[in-house]
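This report refers to the structure that appears directly beneath it.
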Amino acid sequence: MEIKAYKNGFFIENNKYFDPYKTFDCGQCFRFKKTEKGIIGVAFGRVITIEEEKSGCYIYGNSSLGFDVIKSFLDCENKYDEIEEFLKNDEIMAPALSFGCGIRILKQEFFETLISFIISQQNNIPRITKTVEKFSELFGDKIEYKGEIFHTFPRAEQLKDITVFDLEPLRCGYRASYIIDAIEKVLSGEIDFSSLKSMDYITAKNRLLTIKGVGSKVADCICLFSLGQFSAFPTDTWIKKAMQQLYSVPEKEILQKSQTLFGEYSGIAQQFLFYYLRYNKKVHKS
DNA sequence: TCCCAGGACTACT
DNA sequence: AGTAGTCCTGGG
């Protein structure tokens with residue numbers, strides 16, 4: 001997908017394989033919201049807006065955005081037309097692909113993804129959003145943009161010496177101690193983004209599993225949404241039900257089956273399935 | 001009041 | 001090795 005520098009921002013010409021609303025509303029990120037014109041939120045320490053016009057999308061930041069950063073964030077390199085075409089060979093997936101066409105996998109900041117998806121367990125999206133927002137308010141940097149206050153998601157260094165007590169305002173319950181463990185492991189270098197990025201999917205996932213509160217599902221979310229591991233197939237309760245009912249796969253074989261069905265694009269298939277299920281709650285009863 | 005929500009841990013067999 | 005119970009919290 002082509003992205004061009006335009007004034008002090010960027011422009012993406014109308015493209016059926018980039019729908020900002022679907023992309024930011026398919027559950028992969030928690031810090032963007034709808035506006036009248038498009039989407040606004042915080043990532044990479046900046047306020048980012050995406051506004052849809054007749055000819056395409058304009059992307060701006062409160063301060064200048066690196067071309068490479070935004071290109072990577074929106075996963076401009078991958079060819080979603082080809083990927084979707086490939087996944088459409090599976091007739092069960094086909095309707096989900098048509099329905100969700102335009103979803104892209106965001107490549108998000110590692111630390112934010114790690115903490116956000118720890119918070120996400122046994123939780124619902126509105127509350128996850130609130131908790132992540134509160135976390136940023138408490139520990140991140142304040143940004144004022146067009147009369148509105150935003151907060152960056154804190155870097156690990158900004159969270160030195162915090163305890164579960166400091167997280168009490170989050171009201172995130174037992175997850176607080178998990179967050180503390182994650183912060184400690186990142187600060188000690190035990191969990192290190194650049195080394196994780198250099199690992200293959202399975203090795204990276206296993207390393208992530210050493211963090212308390214990070215199980216298979218959360219680890220897969222981190223692999224997919226921040227490490228660019230598209231083989232990852234986050235299996236939450238919805239996906240579990242769908243795989244059991246649509247593909248008649250026993251629970252234990254879901255991950256394996258995803259690899260044979262979708263291979264290196266498992267993560268993309270997962271997002272389309274998830275988006276489809278959330279809006280067509282057919283496969284909801286056990 | 002009880003039950004559950006985009007899981008994971010712990011303590012049992 | 002595999003699996004129930006349990007865990008914080010807020011909304012229905």
Side-chain angles (χ1 to χ4, degrees), chain A residues 22-33 96 99-100 103 105-106 108 112-135 137-138 162-185 191 204-226 229 232-247 249-256 258 266-286:
Chain A
K22 290 180 185 172
T23 297
F24 286 89
D25 184 42
C26 65
Q28 57 178 326
C29 75
F30 304 107
R31 300 217 59 207
F32 283 77
K33 60 182 182 185
F99 184 76
I103 292 176
I105 304 290
L106 296 167
Q108 304 177 67
E112 176 177 339
T113 311
L114 169 61
I115 303 298
S116 298
F117 281 93
I118 286 175
I119 290 168
S120 81
Q121 66 182 94
Q122 195 65 15
N123 215 335
N124 55 54
I125 292 176
R127 283 191 60 209
I128 299 166
T129 305
K130 267 184 204 166
T131 307
V132 174
E133 205 55 45
K134 189 74 187 173
F135 190 76
E137 273 173 33
L138 284 176
I162 72 161
T163 64
V164 285
F165 180 76
D166 300 308
L167 297 181
E168 204 265 333
L170 298 182
R171 317 297 298 153
C172 66
Y174 61 87
R175 303 170 193 84
S177 64
Y178 299 162
I179 294 174
I180 296 297
D181 186 61
I183 293 169
E184 283 173 354
K185 285 195 165 68
I191 294 295
K205 180 172 177 179
N206 284 332
R207 177 63 65 86
L208 290 169
L209 291 175
T210 63
I211 304 168
K212 269 185 212 143
V214 175
S216 179
K217 189 268 179 181
V218 170
D220 271 338
C221 285
I222 299 164
C223 284
L224 178 59
F225 301 134
S226 78
Q229 294 289 359
F233 191 76
T235 304
D236 52 61
T237 52
W238 294 61
I239 296 294
K240 191 185 296 177
K241 280 175 192 169
M243 292 297 283
Q244 288 171 338
Q245 293 187 14
L246 300 175
Y247 293 93
V249 187
E251 182 171 348
K252 288 170 199 160
E253 296 168 24
I254 290 178
L255 284 182
Q256 191 191 330
S258 71
S266 295
I268 296 185
Q270 191 272 5
Q271 277 303 282
F272 278 90
L273 261 183
F274 185 73
Y275 185 75
Y276 187 59
L277 295 175
R278 264 186 66 203
Y279 282 86
N280 307 276
K281 304 186 179 181
K282 291 172 191 166
V283 195
H284 198 49
K285 48 194 186 296
S286 83

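Note on naming: letters A, B, ... go to the chains in the order of the sequence lines (proteins, then strands), and numbering restarts at 1 for each one.
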Sugar-phosphate, base or nothing in reach of [X], heavy atoms under 4.0 Å:
{"X": "A/Y178", "result": "sugar-phosphate"}
{"X": "A/T235", "result": "nothing"}
{"X": "A/I211", "result": "sugar-phosphate"}
{"X": "A/I125", "result": "base"}
{"X": "A/K240", "result": "nothing"}
{"X": "A/G213", "result": "sugar-phosphate"}
{"X": "A/R127", "result": "base"}

Take atom [atom1] in [N] and the same atom in [M], then report the distance between them in whole Å.
{"N": "C/dT3", "M": "B/dG6", "atom1": "P", "value": "24 Å"}
{"N": "C/dC8", "M": "B/dA11", "atom1": "P", "value": "13 Å"}
{"N": "C/dG11", "M": "B/dA8", "atom1": "P", "value": "24 Å"}

For the side chain of [X] and the backbone of [Y], is there at least one donor-acceptor N/O pair under 3.5 Å apart?
{"X": "A/S116", "Y": "A/T113", "result": "no"}
{"X": "A/Q270", "Y": "A/T235", "result": "no"}
{"X": "A/R278", "Y": "A/W238", "result": "no"}
{"X": "A/K217", "Y": "A/T237", "result": "no"}

Nearest 0.5 Å, please: how far is [atom2] in [Y] from [atom1] in [X]?
{"X": "A/I222", "Y": "A/K205", "atom1": "CD1", "atom2": "NZ", "value": "11.0 Å"}
{"X": "A/D166", "Y": "A/I179", "atom1": "CG", "atom2": "CD1", "value": "11.5 Å"}
{"X": "A/T129", "Y": "A/N124", "atom1": "OG1", "atom2": "CG", "value": "9.0 Å"}

**Report entry** Residue mapping more 5' on DNA chain B - nearest nucleotide basis, A/S216 or A/N124
**Finding:**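 Closest to the 5' end, via its nearest nucleotide, is A/N124.
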
Requested in this report: Let me know, please, whether A/G27 or A/V214 comes out on the 5' side of the other along DNA chain B by nearest nucleotide.
Outcome: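 Going by which nucleotide is closer to the 5' end, it is A/G27.
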
Report task. Can you tell me which stems involve DNA chain B, if a stem is defined as three or more consecutive Watson-Crick or G-U wobble pairs, both distances under 3.5 Å? Result ->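 Ordered by first number, the stems with DNA chain B (at least 3 consecutive pairs each) read B:2-5 with C:9-12, B:7-13 with C:1-7.
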
What's the [atom1]-[atom2] distance between [X] and [N], to the nearest Å?
{"X": "A/E251", "N": "B/dA8", "atom1": "CD", "atom2": "C1'", "answer": "13 Å"}
{"X": "A/N123", "N": "B/dG7", "atom1": "CG", "atom2": "P", "answer": "9 Å"}
{"X": "A/R175", "N": "B/dG6", "atom1": "CZ", "atom2": "C1'", "answer": "11 Å"}
{"X": "A/I180", "N": "B/dA8", "atom1": "CD1", "atom2": "P", "answer": "19 Å"}
{"X": "A/I254", "N": "B/dG6", "atom1": "CD1", "atom2": "P", "answer": "16 Å"}
{"X": "A/Q270", "N": "B/dG6", "atom1": "CD", "atom2": "P", "answer": "13 Å"}
{"X": "A/K212", "N": "B/dC9", "atom1": "NZ", "atom2": "C1'", "answer": "10 Å"}
{"X": "A/L209", "N": "B/dC9", "atom1": "CG", "atom2": "C1'", "answer": "13 Å"}

Can you see which heavy atom on [X] is nearest to which on [Y], and at what distance?
{"X": "A/Q121", "Y": "A/G213", "value": "OE1-O, 3.1 Å"}
{"X": "A/L255", "Y": "A/S216", "value": "CD1-OG, 3.9 Å"}
{"X": "A/Q28", "Y": "A/T23", "value": "NE2-O, 2.9 Å"}

Query raised in the report: Can the ring centroids of A/Y178 and A/F117 be said to lie less than 6.0 angstrom from one another?
Result: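 No.
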
Query raised in the report: Quick one: is B/dG7 close enough that its OP1 or OP2 comes under 4.0 Å of any side-chain N or O from A/Q121?
Result: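 Checking B/dG7 against A/Q121, no side-chain N or O comes under 4.0 Å of OP1 or OP2.
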
Query raised in the report: Going 5' to 3' on DNA chain C, which nucleotide is the first and which the last to come under 4.0 Å of a heavy atom in chain A?
Result: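 Nucleotide range in contact with chain A: C/dT3 to C/dG10.
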
